[in-house]
Protein chains: 4
Amino acid sequence: MSSQRKIETVERKQQLTDVALSQFALNGYHKTAVSDVVKEAGVSQGTFYWYFRSKEESALYIIEEGKRELLKVLEQGYRNEEATVEEMLLETNRLFYDFFTFAEENRNLMILLLIKGVGADTPIHKAASETFTAIEKASQRNLERARELNLLPQNMDVSIQSTLITNMVIGTISSWLFGPNLDINYKPDVSAEKMATSAAMLGFYGITGY
Amino acid sequence: MSSQRKIETVERKQQLTDVALSQFALNGYHKTAVSDVVKEAGVSQGTFYWYFRSKEESALYIIEEGKRELLKVLEQGYRNEEATVEEMLLETNRLFYDFFTFAEENRNLMILLLIKGVGADTPIHKAASETFTAIEKASQRNLERARELNLLPQNMDVSIQSTLITNMVIGTISSWLFGPNLDINYKPDVSAEKMATSAAMLGFYGITGY
Amino acid sequence: MSSQRKIETVERKQQLTDVALSQFALNGYHKTAVSDVVKEAGVSQGTFYWYFRSKEESALYIIEEGKRELLKVLEQGYRNEEATVEEMLLETNRLFYDFFTFAEENRNLMILLLIKGVGADTPIHKAASETFTAIEKASQRNLERARELNLLPQNMDVSIQSTLITNMVIGTISSWLFGPNLDINYKPDVSAEKMATSAAMLGFYGITGY
Amino acid sequence: MSSQRKIETVERKQQLTDVALSQFALNGYHKTAVSDVVKEAGVSQGTFYWYFRSKEESALYIIEEGKRELLKVLEQGYRNEEATVEEMLLETNRLFYDFFTFAEENRNLMILLLIKGVGADTPIHKAASETFTAIEKASQRNLERARELNLLPQNMDVSIQSTLITNMVIGTISSWLFGPNLDINYKPDVSAEKMATSAAMLGFYGITGY
DNA sequence: CATGAATGAGGCTTCATTCAT
DNA sequence: TATGAATGAAGCCTCATTCAT
């Protein structure tokens, strides 16, 4: 009846997590019923509740896990002590590239984390938002340090800048990966590398600097 | 049994629209029940269905109306033939300012249009997405014209630039107005003017250009 | 907005009756909403309730009116004093013919009276049933008189016979006029005359008597 | 809160089917609410939807099952190669008797299948109609064979005859079992045997042949 | 006579969750 | 661990009916 063969019990939770994530990503949190998830996973309703206390908890679990992975990637940024703007641009470029690549390889997670979590209930939504905040914080730290190193003008408002840049990057990931309609099946027509470079360049030099 | 009948007649639909919008904005489309809306509006459940064929139609109506209003504001941008980068920056600044101001004055609409529509069903979400697309299109048109006027470097990829800038602006509006948690009750701590200027500056000159 | 031109007030009730009948016939009593009726009639909800106390009353009114008309036709039967079986067959033939013709000319009424009334509420259904009973009674009277005149065998059970014949005729009208699926738009492929003759013949001589 | 859980398991669907059928038969499809059914069955509303996808599906299920049972009975008819009219009459008599007996033992099903299905929605009504069609087809087949065997006049219109006879039988079952008002609680005052014989006789020899 | 906005009960269905097995 | 039947609270929507104008 069910298609899976002898799923090891340890893998069961991961399987449910994967299925749930893909359905959350495809249809949104509210429109995804636990019954849909277990149907696709080939297990019974009760099993779901053996691994998760509730539907909400499953989403929270997914988001927390994803957030951890994402931040791991992002925290590798700016670890060197740059000395020139060019070096800093290079580092930023690399960071963006890692971000875009991670996003490309974790589409489902990304859409839930950055977008679809919005439609969910407050706790879920909050968890998703924290990802954003974390990214913004990192960005701000980096800008501050750069300014201390005299790599950037002293009169800039670092807080606003980091907000602007973070939103640019995150929003761009959304429309790049999922198109204008946030369609999970959209196929990007530009490479992660190109996007990362463009974003870094715009952030550093603006549209006039090309 | 009922305490109010035919109190306002013509304004009833607007009242329901307002209440629905504020609840969609506060709790999201799915979590808002028609029964919640009518309760706050002080009318019976049936009355809602006198004015709207369905809950979905009411959201669509709100979005379509809002989209029209917003685009009206945005289409006023770049109507002059700029001759220098400085003039163009000024125009952009003004456009962003109008946008940020409109957003500030239409918080509920904004959160639905730009964000919360995401969690809703496809038709609603699609309608909301069109707003984004319209903004991006306008941005792209403007950049193209500027390039033709030799105000911008010829080697830039206009399509990507407009995506980046649009996402920066829209994303920034979100976090400026609603904070990192997209809280409808968040109070911005920076003026619309400052945000608009910052965004325009970043877009034109990047972080290095301050 | 509405398509009718200056309906005289006296005709209004008839108009509503007609529209209601056609919708009851097409969709059945329960599936027909008062709002459907008034929409097609081009009047407001309130108007309906000026002419009828309730939806049920409107159906009752239609049925009573129709019943009266139908029975008027049927009561013309067997008014002569037949002397032979052939004469009686002729008379029966004529009666059936009148019945089938009336049915053909009053499709909507017929389907409500004989069939669709069944799905309605008890009072309506009861009213419709009375038509059946009236027909059966008439049939029984006729058979009894024929037996008294020695036109028929003395050992027959008149009550059962009239039930059988009435059911044959009424059921046949249904399937003749509306086809096996009781489709109001079905077109009969046999003439009323042929049907009437066949029914009369079968009733008199059975399948062996052709 | 709830007093019964998993009491019978396998028989739950049958129980729901039985209750639903009896209520459909008593009050008609539209007037029967799912809430009525589950109340009588002593289960929760949700349980109904565990066994049936919808109210409509439950009616369809009942009808399909009933149709199968009924046709099983009817298809036993005329299996022998009759040689004389008398033998054929005997066979017909037996068939009618089986039909009347089945009807008597399945009152609820019968009223839904032959009558009350009419008031329901199209799919249900269609399913019920097919029963009628099946019976008529069988009747026609039998008549045709009899004519080929020279047991019946060659000039008869078999199609019309079978329509007439089928309607007679079915209509008669209705009024015999449920009385003129189609009352589910009506008690027949004539035996199935007597009815079957009368119907067969009338069909074969007409009212004159007694 | 006529309108049409308003009511509110009630119907069908979904779904997160529980729990005996 | 796993099942799947069962629960019951909502949710969306329909519709007969009322009534101020």
Side-chain angles (χ1 to χ4, degrees), chain A residues 2 7 9-10 12-13 30-38 42-58, chain B residues 1-10 12-13 30-38 42-57, chain C residues 1-2 7-10 12-13 30-38 42-58, chain D residues 1-10 12-13 30-38 42-56 58:
Chain A
S2 68
I7 293 273
T9 55
V10 264
R12 214 3 83 79
K13 183 165 188 175
H30 270 116
K31 292 198 56 175
T32 298
V34 173
S35 63
D36 296 333
V37 175
V38 298
V43 299
S44 72
Q45 297 264 115
T47 300
F48 183 93
Y49 285 89
W50 200 90
Y51 291 101
F52 302 106
R53 219 189 306 282
S54 67
K55 177 185 166 185
E56 180 169 306
E57 203 210 62
S58 77
Chain B
M1 203 76 3
S2 72
S3 60
Q4 77 186 102
R5 259 168 197 267
K6 281 245 210 141
I7 289 208
E8 295 143 23
T9 301
V10 211
R12 196 35 55 90
K13 184 167 187 173
H30 271 118
K31 290 199 56 175
T32 299
V34 172
S35 61
D36 296 333
V37 174
V38 297
V43 297
S44 74
Q45 189 108 343
T47 299
F48 183 91
Y49 289 90
W50 176 260
Y51 293 100
F52 301 107
R53 225 188 302 282
S54 66
K55 177 184 165 185
E56 179 169 307
E57 204 212 60
Chain C
M1 222 43 33
S2 70
I7 292 274
E8 302 298 317
T9 55
V10 264
R12 213 5 80 81
K13 183 166 187 175
H30 270 114
K31 292 198 55 175
T32 299
V34 173
S35 63
D36 295 334
V37 174
V38 298
V43 298
S44 72
Q45 298 263 116
T47 300
F48 183 92
Y49 285 89
W50 199 90
Y51 290 101
F52 301 107
R53 220 189 308 280
S54 67
K55 176 185 167 186
E56 179 168 307
E57 203 210 62
S58 77
Chain D
M1 205 77 359
S2 72
S3 61
Q4 76 185 104
R5 260 169 196 267
K6 282 246 213 142
I7 290 209
E8 294 143 22
T9 300
V10 209
R12 198 32 58 91
K13 183 167 188 174
H30 272 117
K31 292 202 53 177
T32 299
V34 173
S35 62
D36 296 333
V37 175
V38 297
V43 297
S44 74
Q45 191 104 344
T47 299
F48 184 92
Y49 288 90
W50 176 261
Y51 293 99
F52 301 106
R53 226 187 302 279
S54 66
K55 177 183 165 186
E56 179 169 308
S58 79

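Because only heavy atoms are used, hydrogens play no part in the values below, and waters and symmetry mates are left out as well, while side chains stay in. Here is the naming used below: chain letters follow the sequence lines, and residue numbers restart at 1 for every chain.
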Peer 1: What's the closest nucleotide to the side chain of B:Ser54 if the choices are E:dC15, F:dC15, F:dC13?
Peer 2: F:dC13
Peer 1: Closest to the C:Tyr51 side chain: E:dA2, E:dG11, F:dT7?
Peer 2: E:dA2
Peer 1: When you match D:Trp50 and B:His30 each to their closest nucleotide on DNA chain F, which lands nearer the 5' end?
Peer 2: D:Trp50
Peer 1: Passes side-chain contact (heavy atoms from CB on, under 4.5 Å), D:Val37 versus D:Thr32? Steps please.
Peer 2: CA-CA 7 Å; D:Val37 175; D:Thr32 299; 3.7 Å; yes
Peer 1: Ignoring hydrogens and geometry beyond distance, is the side chain of C:Gln45 in donor-acceptor contact with the base of F:dT17 at under 3.5 Å?
Peer 2: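 Yes.
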Peer 1: When you check the phosphate oxygens OP1 and OP2 of F:dG4, does a side-chain N or O of A:Ser44 lie under 4.0 Å from one of them?
Peer 2: no
Peer 1: Working to the nearest 0.5 angstrom, can you tell me the gap between B:Phe48 CZ and B:Arg12 CZ?
Peer 2: 13.0 Å
Peer 1: Would you say a side-chain N or O of D:Thr47 is under 4.0 Å from OP1 or OP2 of F:dT7?
Peer 2: yes
Peer 1: Is any side-chain nitrogen or oxygen of D:Arg53 closer than 4.0 Å to OP1 or OP2 of E:dT14?
Peer 2: no
Peer 1: Using the test side-chain contact (heavy atoms from CB on, under 4.5 Å), find all partners of C:Tyr49 that sit at least two apart in sequence or belong to another chain.
Peer 2: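 So C:Tyr49 forms a side-chain contact (heavy atoms from CB on, under 4.5 Å) with C:Val34.
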Peer 1: If you assign each of D:Glu56 and A:Lys55 to its closest nucleotide in DNA chain E, which residue comes earlier from the 5' end?
Peer 2: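 Nearest nucleotide further toward 5': that of D:Glu56.
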Peer 1: Between D:Lys31 (NZ) and F:dT14 (P), how many Å, whole number?
Peer 2: 22 Å
Peer 1: Where are the stems of DNA chain F, defined as at least 3 consecutive Watson-Crick or wobble G-U pairs with both distances under 3.5 Å?
Peer 2: E:2-21 with F:2-21
Peer 1: Once you apply a heavy-atom cut-off of 4.0 Å, does D:Ser58 come out as touching a base, just sugar-phosphate, or nothing?
Peer 2: nothing
Peer 1: Under 4.0 Å between a side-chain N/O of C:Tyr49 and OP1 or OP2 of F:dC19, yes or no?
Peer 2: no
Peer 1: Would you measure the distance from the C1' atom in F:dT21 across to the matching atom in E:dC1 and give it in whole Å?
Peer 2: 13 Å
Peer 1: Pairs in or reaching into residues 43-56 of chain B: which pass salt bridge (Lys or Arg N to Asp or Glu O under 4.0 Å), with residues at least two apart or in two chains?
Peer 2: B:Arg53-B:Glu57
Peer 1: Where each residue is assigned the nucleotide of DNA chain F containing its nearest heavy atom, which of C:Phe48 and D:Gly46 is assigned the position nearer the 5′ end?
Peer 2: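 Here D:Gly46 is the residue nearer the 5' end.
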Peer 1: According to a strict under-4.0 Å criterion, is D:Arg12 in side-chain N/O contact with OP1 or OP2 of F:dA6?
Peer 2: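 So the side-chain polar atoms of D:Arg12 do come within 4.0 Å of the phosphate oxygens OP1 or OP2 of F:dA6, strictly under.
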